[in-house]
Structure formats: structure tokens, C-alpha cells
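What follows is a short report on a single structure.
Note that these values count all heavy atoms, side chains included, but never hydrogens, waters or copies made by symmetry. All ligand and atom numbering here is 1-based and tracks the order in the structure. Numbering of residues begins at 1 and proceeds along the displayed sequence.
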Amino acid sequence: MNMETSLIPDRRRLLSELNRKILSAQNNNTLLALIIVHLKYLREINNEFGYEIADQLLQELFNKLESLLQPGDFIVRIGDNEFALVLSNLNGTGQGIIAANRILGLCDNPMEISGQLIKIKLAAGVSIYPDHALDSEVLFKHADTAVTYARRNQDGYMIYSDIHDHDGTTTYVMRTELEEATINDKLEFFYQPKIHLKDRTIAGFEVLARWTSNTLGEVKPDTFINLAEATGLIAPLTVKAITIALRQCKDILAINSNYSIALNISAQILNDPDITRLIMNTISIWCTNPSQLILEITEGAIMSNPEASLNSLGQLHNSGIKISIDDFGTGYSSLSYLKKLPVDEIKIDKSFVLNMNEDKGSANIVKSVIDLAHNFNLNTVAEGVENEEILNELERMGCDVAQGFYIARPMPHDELNPWIMNWGN
Ligand code: C2E
Ligand code: CA
Ligand code: CA
């Protein structure tokens with residue numbers, strides 16, 4: 001191959017080659033991976049070493065990427081600092097991930113260009129035919145979006161995935177990595193204290209999952225919980241949360257029988273009787289006193305399948321576990337269900353609590369929810385308490401329990417005991 005011509009950016013050639021490869025993948029029933037590789041900090045390299053060295057570096061990078069290819073694969077330069085690789089004849093997505101790993105491995109050692117050692121950083125975005133798209137344009141678009149995300153997050157690669165996070169923006173997270181993290185105990189569980197408003201004593205702790213991915217860095221819980229729900233990982237994740245939290249808090253719960261541990265439970269757990277049973281078994285193994293355990297279920301989750309939820313909640317409640325309705329106020333029409341549901345507590349959504357000071361409407365909602373809950377003999381918890389003024393206002397309103405950054409942020413287990421000692425009760 002003529003190196004000079006191959007280094008001319010050529011997106012059109014990529015798309016026409018990609019079309020041919022897609023046809024043959026279709027005929028042979030194989031997968032195809034499109035990987036866009038982005039060389040980071042090209043401008044800085046240009047400034048520091050000059051254009052000539054930078055050009056040689058790009059040529060060397062091209063050669064190294066080309067050397068990773070198998071017969072039938074191809075590589076095209078598609079931009080100043082971007083190359084596209086098409087890997088054909090794959091049997092599974094895993095091979096695309098392995099290839100992306102190998103590509104990133106090129107950053108491990110500095111490249112020697114005209115006697116200069118240059119450390120490079122790469123980002124890669126992967127899309128797979130037919131999993132992510134059936135035609136070349138869309139496949140390209142997805143790999144391009146994935147590499148954009150990979151560039152924003154530290155160094156690393158991203159596999160395109162059509163998961164959406166709460167903000168409505170598309171997030172590209174590797175399911176395989178989350179799965180691996182769940183199975184191999186790489187998820188962490190943090191604890192956020194809650195206090196009684198009447199005397200400011202500790203009421204308990206909410207368990208909140210944390211995940212730092214090797215390639216994406218810290219991933220927001222909302223994002224990876226969504227991903228776990230979309231990929232069937234939420235059941236093993238919940239089992240881990242219960243097992244680890246109850247094991248870590250065994251001593252704390254034994255010392256003070258007034259403390260409780262609150263765990264978040266997704267809709268899917270309630271909608272599937274087998275998973276509910278699995279969760280109940282896990283609880284029975286690890287929990288000595290079920291009345292110290294609170295399961296937080298969002299209003300929306302209950303309303304997504306009220307009949308199934310009612311059934312599962314009934315079983316859990318009968319075993320002595322407390323049930324809390326999370327994010328209350330954000331769902332809809334649950335008032336009529338409040339009567340029917342075996343519920344002990346309502347957690348007022350933080351969106352109302354956060355704005356209580358400035359927004360009279362929010363304050364009115366908070367007060368109404370507290371009164372409503374008390375009419376049904378339910379405990380009230382306000383989350384998102386960020387200052388003293390709100391804490392005091394909630395107390396005046398008759399709210400029972402408060403949780404929020406003003407009291408404490410979610411903390412790892414080893415900080416919990418010192419925090420409890422410091423709080424005093
Ligand atoms: P959530 O159950 O509503 O949890 C409360 C969220 O509010 C937590 O966010 C917490 O860090 C945050 N928060 C607490 N106090 C304050 C405050 O004063 N101000 C503000 N602005 N925020 C506060 P986090 O940890 O990011 O969790 C987000 C959501 O992810 C949780 O919302 C929950 O729905 C879900 N989640 C977390 N861990 C798990 C888990 O183990 N299982 C399941 N199913 N869901 C989980
Ligand atoms: Ca919660
Ligand atoms: Ca909540």
C-alpha cells in the first residue's frame with residue numbers, strides 16, 4: 001500500500017469500503033466492528049515538536065494500527081488526528097473490545113520519532129454491525145459519538161450503546177465492564193446518614209451504589225443503574241448491595257436497634273416474582289432483624305405495574321421489612337394506592353426540598369405531603385436537605401426524618417463509624 005496516499009483523510013473511501021464489508025458480513029453471518037481512533041493533543045505535539053515530527057508520528061501510528069489488522073480488515077485516515085479501522089469476520093462483540101484494548105495498548109510505551117520519545121494518548125469509539133446499525137452511515141455516526149464520549153472521559157475506549165441517562169442525553173457505557181464490576185465486587189456501596197428531626201439523633205443510613213469504571217472513570221449512579229436495569233444486571237447488583245451493606249453494617253445495627261439500613265429497589269425486582277424471591281432469600285441470610293431494613297421503591301416503579309408491585313410488596317412487608325416510597329411527588333396518581341399499599345414511609349423528593357426556601361409552591365407541597373402521610377400514619381423523610389434553615393423549617397412542618405448534604409454526604413463504609421462517634425448518638 002502506498003503510505004502517502006493512504007494517509008490522505010478519506011471519509012468517502014471509508015463509507016464505500018464499509019458498505020462492501022457490511023454486505024459480506026451479511027452474507028457470511030458474521031459481525032463487523034468499526035473503530036474510530038483519535039490521537040489526542042495533536043496540536044500540542046505540533047507546537048512542541050514541530051509539524052514534521054508530528055507528521056512522522058501520525059505515519060508511525062498508522063503503521064502500528066495497520067499491524068494490528070487481520071487479513072480482510074482495513075484502515076483509513078478520516079481526519080487530521082483520526083483513523084477508522086474496520087474489523088471483519090468477528091464472532092462476537094468481545095473481539096471488538098479486545099481489539100480496542102490492543103489499540104489503547106499502543107499508548108503504553110512512548111513512540112520514538114527521529115530520536116525523540118513522544119508519549120501519545122488515544123481515544124477509541126466502537127460500533128458493531130449488526131448490533132448497533134445495519135448501514136454504514138449510521139454505524140459511522142455511532143462510532144463517532146462513542147469516540148466523542150471516550151475523548152471527554154479520561155483515556156479509553158467506548159462501545160456504542162443506546163442507553164439513555166436521566167438527562168435525556170445518550171450515554172455510551174460498556175455493559176461488559178459493568179457486568180464484570182458487579183460480578184467481581186468492584187462496585188462500592190456508600191452510606192448516607194438520616195437523622196430524626198425532633199432530637200437530631202441518628203435514624204439510619206441509605207445505601208448508595210458507586211462505580212468507577214476503568215475506562216470511563218466515575219459513572220453517575222443514575223446512569224449505571226439505568227444501564228443495569230436495561231441489561232438485566234439489576235438483580236445481581238441488588239443482591240450485592242444487600243449482601244455487602246448488611247455485612248458491613250452488621251455491628252452498627254447490632255449496637256443500636258433503632259438504626260435502620262435503607263436499600264434502593266428497582267421496579268424490575270418487584271415485577272418479577274422469581275427476583276423478588278431471590279431478594280427475600282438474600283435478606284433472610286444476611287438480616288437478623290428485618291424491621292431494621294427499609295426498602296426504598298420509587299413511586300414510578302410501583303405505578304409501572306401496580307398489581308405485581310402490590311403482591312411483592314405484600315410479601316416483603318409480611319416478613320417484617322419496612323417499605324418506603326422514594327421520590328414521592330414526582331410520580332402520579334398514587335394517592336389512591338397509598339391506602340392499599342403496605343407502606344411505612346414516604347420520602348419527599350429532593351426537588352421540592354431543595355427549593356423550599358425560595359419557592360413557596362415547593363414548600364406547600366412539602367407541607368401537604370407531610371400532612372397527607374401523617375393522615376395515613378406514615379413516617380416522613382425529607383431528602384436533599386442542604387442547609388440549616390431547611391432543616392429547621394422541616395422540623396416546624398412536623399417532618400420526621402431528614403437526609404442531605406447538610407447532615408452528611410454519602411460516605412464509604414470506613415468513614416461511617418467515625419462519623420457516628422462524632423455525631424454523638
Ligand atoms: P435516590 O434513591 O433518590 O438517592 C438520593 C440521591 O440524592 C443520591 O444520589 C444522593 O447522593 C443524593 N443526595 C443526598 N442528599 C442530597 C442533597 O442534600 N442534595 C443533593 N443535591 N443531592 C443529595 P446518588 O447517590 O447519585 O444516587 C442517584 C440514584 O441512583 C438514587 O436516587 C437511586 O435511585 C439510584 N441508586 C443508587 N444506588 C442504588 C442501588 O444500589 N440500587 C438501585 N436500584 N438504585 C440505586
Ligand atoms: Ca433512595
Ligand atoms: Ca429519592
- Kindly indicate whether atom 34 (O) of ligand 1 is approached by any protein heavy atom to under 4.0 angstrom.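 Within 4.0 Å: no protein heavy atom nearby.
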- Please check if a non-hydrogen protein atom sits closer than 4.0 Å to atom 19 (N) of ligand 1.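 When distances to the protein are checked, atom 19 (N) of ligand 1 has a heavy atom within 4.0 Å.
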Verify the distance criterion only: is there a donor paired with an acceptor across the side chains of [X] and [Y] at less than 3.5 Å?
X: Gln403; Y: Lys347; answer: yes
X: Ser351; Y: Asp349; answer: yes
X: Asp400; Y: His374; answer: yes
X: Ser324; Y: Glu296; answer: no
X: Asn264; Y: Glu206; answer: yes
X: His317; Y: Asp344; answer: yes
X: Glu415; Y: Tyr191; answer: no
X: Thr298; Y: Asp327; answer: no

- Asp326: which N/O/S atom is nearest the Ca ion (ligand 2)?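 The Ca ion (ligand 2) is closest to the Asp326 atom OD2, counting only N, O or S.
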Identity of the nearest option to [atom], non-hydrogen atoms only, from [options]:
atom: atom 24 (P) of ligand 1; options: Ala245, Pro221, Ala228, Ala209; result: Pro221
atom: atom 43 (C) of ligand 1; options: Val353, Thr298, Asn264, Asn387; result: Asn264
atom: atom 6 (C) of ligand 1; options: Lys194, Glu386, Lys350; result: Lys350

Which atoms of ligand 1 have any heavy atom of [X] under 4.0 Å away?
X: Val385; result: 18 (O)
X: Asp327; result: 3 (O)
X: Glu206; result: 2 (O), 4 (O)
X: Gln192; result: 14 (C), 15 (N)
X: Ser266; result: 44 (N)

Would you mind checking which non-hydrogen protein atom is closest to [atom], with the distance to 0.1 Å?
atom: atom 5 (C) of ligand 1; answer: Glu383 OE1, 3.9 Å
atom: atom 39 (C) of ligand 1; answer: Ile225 CD1, 3.7 Å
atom: atom 1 (P) of ligand 1; answer: Asp326 OD2, 4.0 Å
atom: atom 16 (C) of ligand 1; answer: Phe405 CE2, 3.2 Å
atom: atom 11 (O) of ligand 1; answer: Pro410 CG, 3.5 Å
atom: atom 31 (C) of ligand 1; answer: Leu208 CD2, 4.3 Å
atom: atom 28 (C) of ligand 1; answer: Asp222 OD1, 3.3 Å

- Query: Would you call Arg200-Glu395 a salt bridge at under 4.0 Å N-O?
  - Reply: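 Glu395 and Arg200: salt-bridged.
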- Query: Should Arg277 and Asp274 count as an ion pair when the cut-off is N to O under 4.0 Å?
  - Reply: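 So Arg277 pairs with Asp274 through a salt bridge.
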- Message: Taking a cutoff of less than 4.0 Å between a non-hydrogen atom of the residue and any ligand atom, is Arg409 in contact with ligand 1?
- Response: no
- Task: Please report the shortest heavy-atom distance between Pro110 and Leu117, naming the atom on each side.
- Result: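 Nearest pair, atom of Pro110 first, then Leu117: CB-CB, 4.2 Å.
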- Asp349 backbone or side-chain N/O/S under 3.0 Å from the Ca ion (ligand 3):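 Looking at Asp349, which is the residue asked about, there is no N, O or S atom under 3.0 Å from the Ca ion (ligand 3).
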- Message: At a threshold of 3.0 Å, where the distance has to be below it, does the Ca ion (ligand 2) have an N, O or S atom of Ser324 nearby?
- Response: no
- Task: Tell me whether Asp327 has at least one N, O or S atom under 3.0 Å from the Ca ion (ligand 2).
- Result: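 No, since none of the N, O or S atoms of Asp327 sits under 3.0 Å from the Ca ion (ligand 2).
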- Message: Nearest 10°: the angle subtended at the Ca ion (ligand 2) by Glu206 OE2 and Glu296 OE1?
- Response: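 Roughly 90°, rounded to 10°.
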- Query: When you measure from the side chain of Glu386 to the backbone N and O of Gly404, does any donor-acceptor pair fall under 3.5 Å?
  - Reply: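 No; zero donor-acceptor contacts below 3.5 Å.
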- Message: Please report the interatomic distance OG(Ser24) to CG(Leu32), rounded to the nearest 0.5 Å.
- Response: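 It comes to 7.5 Å.
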- Message: Just to verify, which of Ile103, Leu85, Ile35 counts as forming a side chain to side chain contact (heavy atoms under 4.5 Å, CB included) with Leu68?
- Response: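 Single side chain to side chain contact (heavy atoms under 4.5 Å, CB included) partner of Leu68 among Ile103, Leu85, Ile35: Ile103.
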- Query: Which bit of Arg210 gets closer than 4.0 Å to ligand 1, counting heavy atoms only: side chain, backbone, both or neither?
  - Reply: side chain
